Structures are given as structure tokens and as C-alpha cells.
Amino acid sequence: MNPAPSVILFTVFSGFGFGFLAFLGLGLVQPAGWAAFALWGIGYAAAVGGLIASTAHLGNPQRALRAFTQWRTSWLSREGWAAVTTLFLLAPVALSDWLGLGWPRQIGWAGAVMCAVTVFTTSMIYTQLRTVPRWNHPVTPALFLGFAATGGAVMAGEPRVAVVFCVILLVVLIAAFRIGDRRFAEVGATLGTATGLGAIGSVTVFEQAHTAGNYLMREMIFVVGRKHAERLRVLALLFSTLVPAALLVLGPGRLWVVGLAVASHLLGALAARWLFFAEAEHVVGLYYGKR
Amino acid sequence: MTQLPASTDKKLGLVVDLDTCVGCQACVTACKGWNDQGYGVPLSDQDPYGADPSGTFLNRVHSYAVQPAEGAAQTVTFPRSCLHCEDAPCVTVCPTGASYKRSEDGIVLVNEDACIGCGLCAWACPYGARELDLAAGVMKKCTLCVDRIYNENLPEEDREPACVRTCPTGARHFGDFADPQSKVSRLSAERGGYALMPEMGTKPVNRYLPPRKKDRPQEASLLAPLLDIKATGFAGWLDRILGKI
């Protein structure tokens with residue numbers, strides 16, 4: 001699949017934003033005054049910024065509000081509802097922290113649950129696609145939730161919590177790579193089943209259907225850059241989990257250390273998300289003899 | 001509404017005969033020609049006369065080489081378009097309700113006025129049936145020529161999809177698969193029509209007919225009995241004498 005920058009930024013930053021908002025909502029980080037304004041602001045900016053980035057790849061973004069109508073069947077629509085609900089639900093908690101109003105914390109807990117729901121709905125946009133076997137597996141929601149929670153934990157800056165989530169993410173990310181690598185073969189779609197000609201013998205492409213590229217090939221058949229996949233996987237693992245965990249353990253309580261850890265985590269998350277798209281193979285590639 | 005109908009009154013679709021298709025691309029051209037000026041926005045091209053031409057098509061014809069375990073390989077030309085699936089994943093993923101399946105005849109359509117061009121439906125389709133029009137930013141797909149098949153302004157013989165109407169070898173057939181006695185249902189049953197990528201769980205309506213079994217070259221010549229000439233009389237005597245020398 002084409003790793004479009006808009007979709008990578010959307011999933012990474014909205015995931016990170018909702019992850020951190022969940023920590024703020026739960027009260028695991030309880031800032032007051034202008035510190036609260038800044039931290040809640042970062043959470044909201046990341047979540048909303050990510051959502052806005054997602055509209056960049058739309059052909060007709062002026063109709064984006066229509067995406068709220070089909071929540072009965074569409075995970076994309078559900079994601080819109082979950083995101084907006086969460087952002088509204090947490091607003092009074094943010095206000096209370098900023099102005100020291102002391103409003104009940106329970107709304108924050110509900111907001112934190114909704115943060116998880118939102119990230120889950122985002123992940124389901126990809127998980128639901130049977131056409132992309134690498135994504136069509138429960139490990140995808142686990143991966144998205146893992147990134148959101150770890151991002152929030154690193155941003156919260158409490159070393160012990162962050163280390164736990166970094167270790168969880170490390171395990172989930174390795175599992176996602178391993179499971180993903182065998183998914184296409186597991187599903188069993190081949191050029192033989194795609195054309196039905198497999199019943200006669202082995203099928204190969206004799207001649208392409210068109211001499212130049214088309215939307216399908218640009219969008220769904222992305223073969224550039226896979227040769228560096230192994231190295232990128234290691235870098236993604238290091239920067240998103242081990243480096244931030246080590247930084248927070250070695251220099252607890254310092255603001256610049258937290259900033260560095262967050263930067264490292266986001267860099268790793270961007271690399272991992274780039275791989276998530278670039279390594280995903282769509283079955284339509286079979287018709288072109290490419291994956 | 002992106003909820004799929006529980007059942008449709010008709011199941012309109014195509015039978016594509018891979019035995020008679022010669023890969024002439026006439027269906028591709030006829031499809032583009034009709035749908036460029038009919039239903040919805042035109043099918044735009046980008047850089048059509050330049051170095052990297054690209055365009056929106058609703059039908060593509062591939063060609064494949066098939067090598068059986070024994071015998072010679074064969075070339076199969078393979079038209080690919082929307083299969084109007086019963087469990088169409090392209091419909092249910094649509095966030096805006098632009099994508100829908102008609103309960104009366106099962107045709108899967110896009111309401112272009114509601115399409116935001118997110119492309120998720122194209123991702124959900126295993127068959128590459130949907131292409132985003134880069135000029136209009138909306139999703140295009142086969143409409144089964146919905147503006148032809150019910151069009152009473154056209155002569156009756158033209159009330160079928162443009163690809164079917166134009167096919168010079170009769171490799172494409174249009175009809176109702178819900179009726180077991182329809183031409184397409186019987187054709188599919190007789191010739192072992194099959195669905196593409198059943199493992200994707202989409203329940204396609206369209207059926208493909210496999211290439212017929214090919215004749216093998218005869219090992220012995222049909223003329224063999226005539227070639228085995230037994231000479232008689234003088235010629236026979238000469239034959240024997242010469243054979244002994």
C-alpha cells in the first residue's frame with residue numbers, strides 16, 4: 001500500500017494525542033494552571049492535528065461532514081464519531097485542570113475509555129480489510145493501542161509506567177512483524193484464485209493490461225523501499241520503545257529528557273507506520289503479477 | 001445507505017467467457033466511450049499524450065500464460081471489472097453512504113455527489129474494480145451501464161452494457177443470475193462458471209467461464225492407413241527382388 005504522508009501523520013499523531021489525553025483524563029498526570037493548559041493543549045493539538053491531516057488525502061474534503069452518517073457499517077464513520085465524542089467529553093476535565101475548578105474526575109475516566117475506543121476504531125479501518133492480509137488480524141488493533149498507550153506514557157514522563165508500556169509495545173511490534181509476514185500466504189489468494197485459472201495450471205502474467213501506471217498500481221502496489229525494510233524495523237523498534245524507556249530511566253524528572261524521549265518515540269512510531277503501509281500487500285497486486 | 005440489502009430482487013451481472021475472449025480491448029474502449037459521457041463525471045485522463053499517460057477505466061483486459069502440468073502453455077485474455085458482489089465490502093466501508101447496492105437489481109453504484117474520495121472502497125475491493133477519478137476526486141466504477149439497460153430511448157438490442165453490446169466474439173453476456181432459467185444462469189451452469197477469489201468472502205455475482213479443453217496434436221497421421229502401400233503384380237515382384245539385392 002502507498003504510504004501516503006497524510007495517513008501516516010494522521011494515525012501516528014492522533015494515536016499519540018488520544019494516548020496522552022487518556023493519561024490526562026485518568027489523572028495519572030495531574031497538572032494545574034498554565035502547565036495544565038500546555039499539556040492538555042499538546043494532547044488536543046496532536047489529536048486534532050492528526051484528524052485534520054487525514055482530510056488531506058480526500059478527493060473532495062469539503063464534503064467530509066458526510067462521513068458522520070454511516071456509523072452503522074463503516075469504521076471510518078465510527079472513528080469520526082468516537083473522536084469528536086472523546087474531544088468534547090474531555091473538554092470540561094481540561095478546563096477544570098487549567099482553572100482549578102475541581103470538577104469530578106469521573107468524566108475524565110469516561111474520556112480515557114473513549115480515547116481507547118477512538119484508537120480502536122482507527123485501527124479497525126485497516127483491520128477490517130480482508131484484501132490486505134497483513135492488516136486483517138487482531139494484532140493490528142493491539143499495535144495501534146500499544147502505540148497510543150506508549151506514546152501517552154512516555155509523554156507523561158513517569159519512568160516506571162513508561163517502561164512497562166515500552167516493553168508491551170516492543171513485544172506487540174515484533175509480533176505484528178512476524179504475524180504480518182505470513183498472513184498473505186495464510187489467506188491463500190494467488191494469481192490462480194484471482195483469475196480462477198489455477199485449476200488449469202500455473203498462471204503467470206503474459207502481458208500487462210496497460211502500458212503505464214494507474215490509480216490501482218499507485219495506491220495499492222507499492223514496491224519501492226522494501227529493500228531497507230529489515231533495517232527500518234530495527235530502527236522503529238529501537239526509537240519507539242528502547243531509547244525512550246532508557247532515557248526516562250536514566251534521567252527521570254527532567255523536562256528535556258522527556259522531550260527527547262517523546263521525540264525518539266514519535267520518530268520510531270513514524271518509521272513503524274511507514275512500514276505498516278509500505279509492507280502491506282493488497283491482493284489486487286496479484287492481477288499485475290506484483291505485490 | 002451502506003447497509004447491504006438482505007437480498008435483491010434481481011442479481012444483474014455478467015458472464016465473461018475466457019474461451020472466446022480474444023483480448024481485442026473493444027470492451028475497454030466501448031466502456032470508456034459510453035461512460036465518459038453518461039452516468040456521473042467523465043472518466044478523466046492525465047497526461048494522455050505525454051510520457052506518463054494515465055486514466056480512469058472501469059474495465060481492464062489482462063493477459064496471462066497458463067502452464068498445465070502436461071502439454072503446451074496457453075494464453076488467456078482476461079477482462080476485469082466490477083463483479084457486483086452480494087457481500088460487497090466496498091459498500092459497507094463507505095463512511096458517507098455514497099456507495100450503495102440497489103435492492104431491486106443488485107447493481108453496486110456510487111452517488112458521486114456524496115463521495116468524499118477517501119478511497120477506502122477501492123482498498124476494500126479485491127478485484128481492483130474501483131478507480132478514483134483524479135480530475136473530479138470521486139470514485140468511479142462499473143454501473144452495468146445502468147443508463148443503457150433501462151433506457152427506453154434506445155433500441156431494444158442496445159439495452160445492455162456497452163461492453164456486452166460491442167464484444168465482437170460474444171464473450172460477454174448480461175442477465176439476471178437470480179433467475180435460474182436466465183441465459184446467463186444456464187450458460188454458467190453448463191460451462192462451469194466460477195467466481196473470482198472466493199476466499200475473500202465477497203460472493204461475486206459475475207461468473208467467468210473457463211477456457212474449453214484444448215485438442216492435443218494427433219500422435220499418428222490420419223493418412224497412416226493410406227500410406228501403408230502393399231505393392232502387387234510386377235511392382236510387387238520388383239519390390240521383393242530389389243529388397244533382396
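What you are looking at is a predicted structure, and each value in this text was computed from that prediction instead of being measured.
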(message) Quick check on the 6.0 Å ring-centre criterion: do A:Phe206 and B:His62 meet it?
(response) no

(request) Run the numbers on B:Ser54 and A:Arg218 for side-chain contact (heavy atoms from CB on, under 4.5 Å), then give the verdict. (result) CA-CA 11 Å; B:Ser54 173; A:Arg218 286 188 296 268; 3.2 Å; yes

(message) Ignoring hydrogens, what is the shortest heavy-atom contact between A:Thr131 and B:Trp123? Give both atom names and the distance.
(response) OG1-O, 2.6 Å

(message) Once rounded to the nearest 0.5 Å, what's the spacing between atom OG of B:Ser99 and atom CD of A:Gln70?
(response) 10.0 Å

(message) Is any side-chain heavy atom of A:Asn60 closer than 4.5 Å to one of B:Val138?
(response) yes

(request) Measure A:His57 against the heavy atoms of chain B and call it side chain, backbone, both or neither at under 4.5 Å. (result) both

(request) Under 4.5 Å heavy-atom distance to chain B, tell me which part of A:Glu207 shows up: side chain, backbone, both or neither. (result) both

(message) If I measure from the heavy atoms of chain B, does A:Ala64 come under 4.5 Å with its side chain, its backbone, both, or neither?
(response) backbone

(message) With a sphere of 6.0 Å drawn around NZ of A:Lys290, does it hold more than 12 non-hydrogen atoms of other residues, nucleotides or ligands?
(response) no

(message) Under a 4.5 Å cutoff for heavy-atom pairs, which residue among B:Ser63, B:Pro53, B:Pro68 has the most contacts with chain A?
(response) B:Ser63

(message) Is A:Leu58 in contact with chain B via its backbone, its side chain, both, or neither, using a 4.5 Å heavy-atom distance?
(response) both

(request) Kindly say whether B:Glu131 contributes a backbone atom to a donor-acceptor pair with the side chain of A:Asn214 at under 3.5 angstrom? (result) no

(message) Less than 4.5 Å to any heavy atom of chain A: does that hold for the side chain of B:Cys118, its backbone, both, or neither?
(response) both

(message) Looking at chain A, which one of B:Leu134, B:Asp133, B:Thr96 has the largest number of heavy-atom pairs inside 4.5 Å, strictly under?
(response) B:Thr96

(message) Please check if the number of heavy atoms outside B:Glu70 that lie under 6.0 Å from its CD is greater than 12.
(response) no

(message) Which atoms of A:Leu65 are under 4.5 Å from chain B, going by heavy atoms: the side chain, the backbone, both sets, or neither?
(response) neither

(request) Give a yes or no on whether the backbone of B:Cys115 and the side-chain of A:Arg63 come within a donor-acceptor separation of less than 3.5 Å. (result) yes

(message) Would you say that B:Tyr194 contacts A:Leu197 through its side chain, given a criterion of any heavy-atom pair below 4.5 Å between the two side chains?
(response) yes

(request) List the steps and the verdict of side-chain contact (heavy atoms from CB on, under 4.5 Å) for A:Ile125 and B:Leu120. (result) CA-CA 8 Å; A:Ile125 296 172; B:Leu120 192 56; 3.9 Å; yes

(request) Please tell me if the side chains of A:Ser74 and B:Cys94 come closer than 4.5 Å, counting only heavy atoms from C-beta onward. (result) no

(message) So A:Leu191 and B:Tyr64, do their side chains get closer than 4.5 Å, heavy atoms only?
(response) yes

(request) Could you list the residues that satisfy side-chain contact (heavy atoms from CB on, under 4.5 Å) with B:Cys145, not counting sequence neighbours? (result) B:Trp34, B:Asn35, B:Asp147, B:Arg148, B:Pro161, B:Ala162

(message) Measuring from atom CD of B:Gln46 to atom OH of A:Tyr215, what distance do you get when rounded to the nearest 0.5 angstrom?
(response) 12.5 Å

(message) Which atoms of A:Trp81 are under 4.5 Å from chain B, going by heavy atoms: the side chain, the backbone, both sets, or neither?
(response) neither

(request) Side-chain contact test, heavy atoms from C-beta onward, threshold under 4.5 Å: evaluate it for B:Gln74 versus A:Ile200 and give yes or no. (result) yes

(request) Under 4.5 Å heavy-atom distance to chain A, tell me which part of B:Pro210 shows up: side chain, backbone, both or neither. (result) neither

